[in-house]
Amino acid sequence: MTAQKAPPFKRNAFIAKPGIVGARWWQESVAAPVGRRGAMVIALVAGAGIVGVASVMMLALSGPSSSPSSDVKTVPKGALEMQREYGWSFGVADEGIKLEGASDKPVDLATLASLYTQLAPTQPRHTPYYSPTLFQSPTALPRAVPVEDAQPVMPLIQTIRPIVTPSMREAFQQGRSVASLFETVGKDTAVIVDLPGPDAVAFAAGASKSFEPIFGFDNWPHPRGVVPAHQTLAAALAMAPALKSGAAGRDKSAPGMFVLDRNRLAPYADEATQFDNRYVAKLPDAAALKKLGYKNVLYVVAKDGEVETDDLNEDFVAYRQAELGVRILPTSTLTQDPAAKPRAVPAEARDYDTGATYSYGGSDATHYGFWVHYPFARSPRPNVRAPNIANSGRNYVPAPRRTAYSSGTTGTASSSSARPRPANFGLTPVVIGVATGAILGSRLSRSGSWNRSGGSAFG
Amino acid sequence: MLTSLFALELCVRLVPGMPLRHALQQLVFMHPEHAGHQDRHVLYSQITDLLGHNLNLAERGCWEYFDDHQRAQSDYEMWSKGMLTEEGARTSPSGPPDPYRPEPRYLTFTIAMLLVQGSATDKMMKNVCHIPEPELWYRRTFGRILTGMRSISFASVRSDILYLIPGDEAWGLTLEDLATPKFEYLRPIANA
């Protein structure tokens with residue numbers, strides 16, 4: 001049985017008196033910083049075991065070794081796992097994020113720090129599908145420091161500001177428009193909003209009087225992240241008051257609105273310069289949706305012709321096979337009604353609420369024609385006419401297709417949580433010491449020798 | 001092996017009911033005699049959090065970093081003596097902070113470390129402590145340094161010392177104490 005190694009620090013002085021309390025610790029074995037050549041020597045001695053001391057010294061004093069062995073190697077690790085351990089900006093702690101549309105209003109730090117509880121669904125049936133991951137990032141602090149990459153990590157809470165963009169303002173009105181349709185009918189319809197993150201948040205805020213948002217943002221921002229999650233987080237901060245107001249006026253058994261970031265599968269090509277903070281969406285499977293009381297699914301996208309993302313295809317096919325009604329609603333069908341009088345908007349909401357009214361088909365006369373195109377429920381207004389607009393989503397039928405997220409079992413119901421993903425998805429290359437196995441840092445933070453996949457080591 | 005020195009001391013006003021003094025005392029008192037790198041990291045994260053959150057009450061302070069090995073060794077010895085000889089501690093109670101009495105009470109918290117010179121941590125702290133002359137005593141400078149300390153890898157710390165004056169709420173430092181020569185190295189912190 002191996003004896004447990006003693007912890008490295010030993011307290012060698014201690015005082016505890018009314019006037020003063022203190023202690024001193026000492027670490028006997030401290031590794032002096034070594035150059036690459038030295039590190040290779042250590043690895044050779046540790047690994048070979050038969051190399052004599054003299055030979056090692058000669059090696060250390062000579063030029064770069066011709067030995068192909070390296071003192072470090074690169075391995076892929078879960079990107080989010082590394083961020084949780086070493087900080088949200090793992091690998092590039094000296095880089096910040098750039099926010100587009102940042103407001104100059106003071107940041108409500110208390111709201112930012114408590115977003116993950118504030119934005120959690122209140123209905124127990126929806127809680128299991130809520131992902132607080134993104135909203136936990138502002139206050140998360142590193143739990144450890146990579147051995148060779150000790151850079152101070154600026155907490156995210158100090159850099160996030162609220163943002164409101166023109167497209168968020170429009171999405172907010174479109175969300176209000178959908179909420180008005182479902183005010184009194186369609187309670188057995190679950191809505192899945194799949195728009196670019198900030199727009200998805202704004203849409204959910206606009207719809208929050210009729211739908212309980214269930215946010216599914218399962219990643220953290222990163223300065224080099226291919227998914228601009230910082231924008232989504234900043235949007236959530238900006239829309240928090242609207243979401244709170246919607247919740248206050250909402251029926252306690254309101255149907256759920258699953259809120260997804262369409263950018264979650266953004267293209268990722270270069271592990272040396274980009275950070276892979278992608279993730280797949282997690283939705284209830286068909287059986288779970290039915291158990292939750294839903295009979296229909298309305299999938300909201302931005303443009304006519306868009307279909308479900310690759311990671312959702314198998315879910316949608318399974319929904320259809322389970323005889324859930326599935327339709328797609330492009331927000332391009334919800335446009336401003338020029339005849340509608342501007343609504344009075346409280347001062348605190350004018351950042352995101354322009355007072356405009358958006359309708360299905362762009363007119364009050366066609367708005368409830370939505371129910372003609374989407375016969376999930378009977379229209380609360382009789383004798384409505386459906387608008388003549390481009391909308392292929394209303395006739396959409398999910399069909400299986402081969403994607404990088406296919407489980408290979410198309411045609412059978414399976415759970416999102418077991419969804420396969422492409423190779424190297426959501427991973428980040430990490431440099432570890434061969435001899436110690438310790439994580440030295442991210443490959444992102446290094447140029448030169450660490451970016452070589454193998455090769456010689458020298459200082 | 002060559003070393004660098006980093007040290008920081010804050011003098012914080014004691015507000016009745018404020019948990020800072022007790023929390024710092026407990027952290028130092030309860031830290032194990034034998035500790036691993038992660039234990040040290042957690043301890044310092046908690047300490048820097050506490051000091052950072054109460055930085056608005058810090059009225060005086062000092063900090064230093066230098067990578068001259070000889071000076072690092074001798075100055076670390078000096079900081080150690082400050083604790084071992086109880087140099088700054090009162091020899092009798094001053095009475096607990098009283099909201100109805102105008103005389104304030106203060107605590108000081110001192111941190112000093114010997115860092116492995118040339119290590120990533122040493123370079124990081126050198127960078128953190130690279131402060132323009134006019135900003136040496138700014139409050140935000142102390143905040144920056146506290147934040148930087150959260151990234152110290154204890155694999156590169158040879159030794160460190162932490163001490164809190166007072167150990168008991170009723171032994172807080174008075175203005176008269178702070179006016180003595182032994183505290184003249186503590187400078188007023190500017191609100192910037």
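In the text below, chain A, chain B and the rest are named by the order of the sequence lines, each starting its count at 1.
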Heavy-atom distances under 4.5 Å only: say whether B:F154 touches chain A with side chain, backbone, both or neither.
-> both
Contact leader toward chain A among B:V28, B:L164, B:D168, where contacts are heavy-atom pairs under 4.5 Å = B:L164
With chain A, which of B:K123, B:R144, B:H37 has the greatest number of heavy-atom pairs at distances under 4.5 Å?
-> B:H37
Ignoring hydrogens and geometry, is there a side-chain-to-backbone donor-acceptor pair from A:W220 to A:T133 under 3.5 Å?
-> yes
Can we say B:E169 and B:R21 salt-bridge, meaning some charged N sits less than 4.0 Å from an Asp/Glu carboxylate O?
-> yes
Quick check: does any side chain N or O of B:Y163 sit under 3.5 Å from a backbone N or O of B:L84, one acting as donor and the other as acceptor?
-> no
Given the options A:P8, A:P18, A:G19, A:G87, which has more heavy-atom pairs under 4.5 Å with chain B than any of the others?
-> A:P18
Contacting region of B:V42 [heavy-atom separation from chain A under 4.5 Å] = neither
Residues 107-119 of chain A vs chain B, non-hydrogen distance cutoff under 4.5 Å, contacting residues -> none
Can you tell if the side chain of B:S4 reaches within under 4.5 Å of the side chain of B:Y65, non-hydrogen atoms only?
-> yes
What part of B:Q38 gets closer than 4.5 Å to chain A, counting heavy atoms only: side chain, backbone, both or neither?
-> side chain
Please check if atom NZ in A:K17 has more than 12 non-hydrogen atoms from other residues, nucleotides or ligands closer than 6.0 Å.
-> no
Side chain B:R139, main chain B:A58, donor-acceptor under 3.5 Å | yes
Does any N or O in the side chain of A:H222 come within less than 3.5 Å of the main-chain N or O of A:F90, such that one atom is a donor and the other an acceptor?
-> yes
Find the one option among B:I165, B:L107, B:L173, B:D160 whose heavy-atom pairs under 4.5 Å with chain A are most numerous.
-> B:D160
Are the charged groups of B:E87 and B:K81 less than 4.0 angstrom apart, N to O?
-> no
Select one option (side chain, backbone, both, neither) describing which atoms of B:Y44 are under 4.5 Å from chain A's heavy atoms.
-> neither
Considering only heavy atoms, which portion of B:P93 lies under 4.5 Å from any heavy atom of chain A: side chain, backbone, both, or neither?
-> neither
Nearest-0.5 Å distance, CZ of residue B:F66 to NZ of residue B:K126 = 12.5 Å
One option among B:G88, B:P32, B:P166 has the most heavy-atom pairs under 4.5 Å with chain A, and it is B:P166
Would you kindly say whether B:Q73 and B:T3 are connected by a side-chain donor-acceptor distance under 3.5 Å?
-> yes
Residue pairs meeting side chain to side chain donor-acceptor pair (under 3.5 Å), one or both in residues 45-56 of chain B, sequence neighbours left out, come to B:D49-B:R150
Cut-off 4.5 Å, heavy atoms of chain A, and the answer for B:H41 is side chain
